[in-house]
Each structure stands twice: as C-alpha cells, then as structure tokens.
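Only this structure's heavy atoms are used, side chains among them; waters, hydrogens and symmetry mates stay out. Both counts, for ligands and for their atoms, begin at 1 and track the order of listing. Numbers for residues simply follow the sequence, beginning at 1.
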Amino acid sequence: MTKNLITAVIFDLDGVIVFTDKYHYKSWKMLADRMGWDFDETLNHRLRGIPRLASLQVILDHNGIEASDSEKAEYAGMKNDFYRKMLQEELNRADMYSGVMDFLDALRARNIRLALCSSSKNARAVLRKLRLEKYFQAVVSGNDIEHAKPDPQIFLAGACKLEVEPEQCLVFEDAQAGIEAASAAGMNVVGVGDPRSAPGADKYITDYECIDIDDMLRTGNV
Ligand code: BG6
Ligand code: MG
C-alpha cells in the first residue's frame with residue numbers, strides 16, 4: 001500500500017464548514033443601521049476571513065468615519081452581541097456546508113487528524129452549538145494568535161498541536177487571506193467556493209461529496 005502524503009486535514013470554519021456569513025452580515029447590518037452607516041452585501045464580502053476589528057475598520061473607512069479605540073471596541077462589541085445572540089437562537093446544522101458531515105466522518109474513520117483554524121473568536125461557541133467539538137483534535141481560534149491570516153501563524157499552530165509537519169497537512173479555506181496563509185505555511189490548500197472570490201489555491205471544490213478521499217490523501221489534491 002502506498003503511503004499517504006496527507007495525515008492531517010485543517011479546516012477554516014466560516015464559509016468552509018458552516019455558512020455563518022449570513023449571521024455576520026445581519027449583525028454588521030444591525031450595527032450599521034443603528035449607527036446610520038452604509039453597509040451592503042458587497043462590502044460584507046470583503047470581510048470574509050478578516051478579524052472583527054479589522055472588519056469594523058473596513059466599514060468605518062467605507063463610510064469615511066474616524067473613531068477612537070474605545071469607540072471601535074464598543075462598536076465591535078455591539079456587533080458581537082448581535083452575532084452571539086444569532087448563534088444561540090438561529091444557528092443549526094442546516095447552515096452547514098453540503099456533505100461536510102459525511103466528509104468529517106469519513107476522515108475520522110480513516111484516523112486522519114483534524115484541526116480547526118479560524119480567525120473567529122467565536123469558533124469554539126460555533127463548534128459547541130453544532131456539536132462538532134469531538135471531531136477536532138486541535139482548535140486554534142482568533143483568541144489564540146497574534147498575527148491574523150494571511151500570516152501563517154494560525155495554521156502552523158494547528159499543525160504543531162496535531163504534531164504533524166506542514167507538508168502533511170491539507171487545508172480547506174474559502175477566503176483569500178486564508179489561502180495565502182496556508183500556502184505561506186507550506187501546506188497543501190483547497191479553495192472552497194468560487195475561485196474568483198478567493199484566488200490562489202491549486203484546486204477548488206463547491207461541495208464535499210465530489211471528493212475522492214483516498215486519492216486526496218495520497219496526492220494532497222482533489
Ligand atoms: C472569520 C470570518 O472566520 O472570522 C469573518 O470569515 C469574521 O467574517 C472573523 O469577521 C472574526 O469573527 P468573530 O466571530 O471573532 O467576530
Ligand atoms: Mg472562512
């Protein structure tokens with residue numbers, strides 16, 4: 001039997017395992033409406049994979065608004081309160097990416113080590129709500145890192161926790177910053193979704209059902 005190239009699979013969370021986009025959008029929109037700021041889906045798209053405060057800055061810049069650090073913390077806190085309420089009241093397994101549950105089960109059955117590396121500080125709360133914690137031997141969230149994607153820190157920390165080398169890892173990412181981070185970490189990377197919205201990966205998928213898992217583990221590609 002040929003040895004697999006891939007022994008660990010690392011997932012981003014938002015837009016890769018679960019479509020939290022709509023909740024991020026709705027909560028930024030609630031803040032923007034309350035503050036009288038302009039905010040729409042196009043601007044929301046630019047926030048994908050970007051940490052909370054950096055996302056706020058994109059919205060402030062778009063509206064030509066200057067704010068102090070304490071005001072920014074307050075605005076970001078308001079948005080997060082809206083978001084956390086939606087996670088508790090609305091988020092459910094119907095929000096998950098098509099086929100991803102079977103994909104996780106199939107990887108687990110093959111003893112592949114799994115990590116979740118997400119810029120979100122709510123990553124653990126999302127995993128808990130979806131009852132997915134047991135799948136991941138390592139979780140690295142926005143709370144655990146100093147340098148956000150596209151810096152490779154988050155993925156290198158994930159590999160380190162799993163005790164595997166970067167070249168043994170395959171990363172699934174939907175955001176350009178994440179694809180750049182995984183590549184900079186020296187990992188194989190698969191883009192999730194439309195290549196036009198997040199260029200830079202060798203291969204892209206739009207659903208997990210189409211993946212030949214054994215071939216993927218052998219070659220590091222889909
Ligand atoms: C990323 C999302 O995963 O997490 C971004 O793609 C989000 O849209 C970022 O801004 C930070 O999330 P949170 O939950 O810490 O506000
Ligand atoms: Mg993402």
Check: Are Thr20 and Asp14 linked by a side-chain donor-acceptor pair shorter than 3.5 Å?
Finding: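 Yes, a side-chain donor-acceptor pair sits under 3.5 Å.
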
Margin query: Measuring from non-hydrogen atoms of Gly49 to any atom of ligand 1, is the shortest distance under 4.0 Å?
Written below: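 Heavy atoms of Gly49 do come under 4.0 Å of ligand 1.
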
* To do: Could you tell me if any non-hydrogen atom of Leu13 lies under 4.0 Å from any atom of ligand 1?
  =>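 It does not; every heavy atom stays at 4.0 Å or beyond.
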
Would you say ligand 1 has an N or O under 3.5 Å from any N or O of [X]?
X     : result
Arg48 : no
Asp12 : no
Pro51 : no
Trp28 : no
Asp14 : yes

What are the two closest heavy atoms between [X] and [Y], and how far apart are they?
X      : Y      : value
Asp207 : Tyr97  : CA-CE2, 4.2 Å
Ile112 : Ile6   : CD1-O, 4.0 Å
Gly158 : Ala138 : O-CB, 4.3 Å
Lys72  : Gln57  : NZ-OE1, 2.9 Å

Heavy-atom contacts with [X] under 4.0 Å: which atoms of ligand 1 show up? List them by number with element.
X     : answer
Ser55 : 10 (O)
Arg52 : 11 (C), 13 (P), 15 (O), 16 (O)
Leu47 : 5 (C), 8 (O)

Quick check against the 3.5 Å criterion: does Glu165 have a side-chain atom that pairs as donor or acceptor with the backbone of Glu167?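 Checking the backbone N and O of Glu167 against the side chain of Glu165, no donor-acceptor pair under 3.5 Å is found.
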
#### Entry: Donor-acceptor pair, side chain of Ser55 and main chain of Ile50, under 3.5 angstrom
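Pair found, side chain donor or acceptor close to backbone of Ile50.
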
Review point. Below 4.0 angstrom, N of the basic side chain to O of the carboxylate: do Lys29 and Asp40 qualify?
Key: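 Salt bridge between Lys29 and Asp40, a charged N being under 4.0 Å from a carboxylate O: no.
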
Note to self: Could you check whether Asp81 pairs with Arg84 (Lys NZ or Arg NE/NH1/NH2 to Asp/Glu carboxylate O, under 4.0 Å)?
What the structure shows: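 Salt bridge: no.
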
Pick one of side chain, backbone, both or neither for how [X] approaches ligand 1, counting any non-hydrogen atom pair under 4.0 Å.
X      : result
Ile50  : backbone
Lys121 : both
Ser120 : both

Metal site the Mg ion (ligand 2): N/O/S of Asp14 inside 2.8 Å:
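So Asp14 counts as coordinating the Mg ion (ligand 2), yes.
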
Can you tell me which N/O/S atom of Asp12 has the shortest distance to the Mg ion (ligand 2)?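 Going by distance to the Mg ion (ligand 2), the closest N, O or S atom in Asp12 is OD2.
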
- Looking at Asp174, pick out the N, O or S atom nearest to the Mg ion (ligand 2) and give its name.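 Output for this pair reads OD1.
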
Exercise. Measure from NZ or CZ of Lys134 to the centre of the six-membered ring of Phe136 and say whether it is under 6.0 Å with the direction within 45° of the ring axis.
Key: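 Cation-pi check for Lys134 and Phe136: fails.
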
